[in-house]
Trainee: 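Mind having a look at this structure? Questions to follow.
Counting from 1, the numbers follow the sequence of the chain as shown. Predicted model only: the values in this text are computed from it and were never measured. We use all heavy atoms of the structure for the numbers below, so side chains are in, but hydrogens, waters and symmetry mates are not.
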Amino acid sequence: MIGSVVKEGGYFHAYDTNGNMLCSINANEYSELQGYTSTTINIFERSLYRKGGTLETYNEKGERISTREIFS
């Protein structure tokens, strides 16, 4: 169960409710944490070439389970 997610350097780290690290997800300067639940993490990757970007959803193991293009 995901208790918190923080961006540190080039990664998002997910921790359980006891503070144990569950996974690390690669990040860059264009990555933004959109939110998380007890089972998923949503990260928005801004595009450099067009308005919008990609919303990626990961599980508590750091596996990508969904990708959606977002246009603004």
Trainee: At their closest point, which heavy atom of Gly62 faces which heavy atom of Tyr58, and how far apart are they?
Mentor: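 Closest pair (atom of Gly62, atom of Tyr58, distance): O-CD2, 3.5 Å.
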Trainee: Heavy-atom count around Met21 CE within 6.0 Å, excluding the residue itself: above 12?
Mentor: yes
Trainee: Excluding sequence neighbours, so at least two apart, what forms side chain to side chain contact (heavy atoms under 4.5 Å, CB included) with Gln34?
Mentor: Glu32, Asn42, Phe44, Leu55
Trainee: Quick one about Thr67 and Glu56 (side-chain donor to acceptor, distance below 3.5 Å, no hydrogens or angles considered), yes or no?
Mentor: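 Per modelled atom types, Glu56 and Thr67 side chains form no pair under 3.5 Å.
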Trainee: Walk me through it: do Lys7 and Leu33 pass the test side chain to side chain contact (heavy atoms under 4.5 Å, CB included)?
Mentor: CA-CA 8 Å; Lys7 186 175 183 181; Leu33 177 66; over 6 Å; no
Trainee: Start with the C-alpha distance between Ile65 and Thr40, add both sets of side-chain angles, then the distance that settles side chain to side chain contact (heavy atoms under 4.5 Å, CB included), and finish with yes or no.
Mentor: CA-CA 9 Å; Ile65 57 174; Thr40 62; 4.1 Å; yes
Trainee: Taking the side chain as everything from C-beta on, heavy atoms only, tell me whether Ile41 gets closer than 4.5 Å to Thr57.
Mentor: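 Sidechains of Thr57 and Ile41: no contact.
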Trainee: Hey, does His13 have a side-chain heavy atom less than 4.5 Å from the side chain of Val5?
Mentor: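 Answer no - side chains too far apart.
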Trainee: Let me see the working for Asp16 and Ile2 under side chain to side chain contact (heavy atoms under 4.5 Å, CB included), right down to the final yes or no.
Mentor: CA-CA 5 Å; Asp16 66 16; Ile2 299 169; over 6 Å; no
Trainee: Taking Lys61 for the side chain and Leu22 for the main chain, is one N or O donor matched with an acceptor at less than 3.5 Å?
Mentor: no
Trainee: So, do Val6 and Phe12 sit near enough that their side-chain heavy atoms are less than 4.5 Å apart?
Mentor: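 Val6 vs Phe12: side chains apart.
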Trainee: State whether a side-chain donor-acceptor pair under 3.5 Å links Glu45 with Ser31.
Mentor: yes
Trainee: Got Met1 and Thr17 here, is their nearest side-chain heavy-atom distance under 4.5 Å?
Mentor: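 SC-SC contact between Met1 and Thr17 confirmed.
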Trainee: Applying side chain to side chain contact (heavy atoms under 4.5 Å, CB included), can you list everything that pairs with Tyr30, at least two apart in sequence or on another chain?
Mentor: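 Per chain and number, Tyr30 pairs via side chain to side chain contact (heavy atoms under 4.5 Å, CB included) with Asn28, Arg46, Leu48.
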Trainee: Is Tyr15 reachable from Tyr36 through a run of hydrophobic residues whose side-chain heavy atoms are each under 4.5 Å from the next?
Mentor: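 No, Tyr36 and Tyr15 fall in different hydrophobic clusters.
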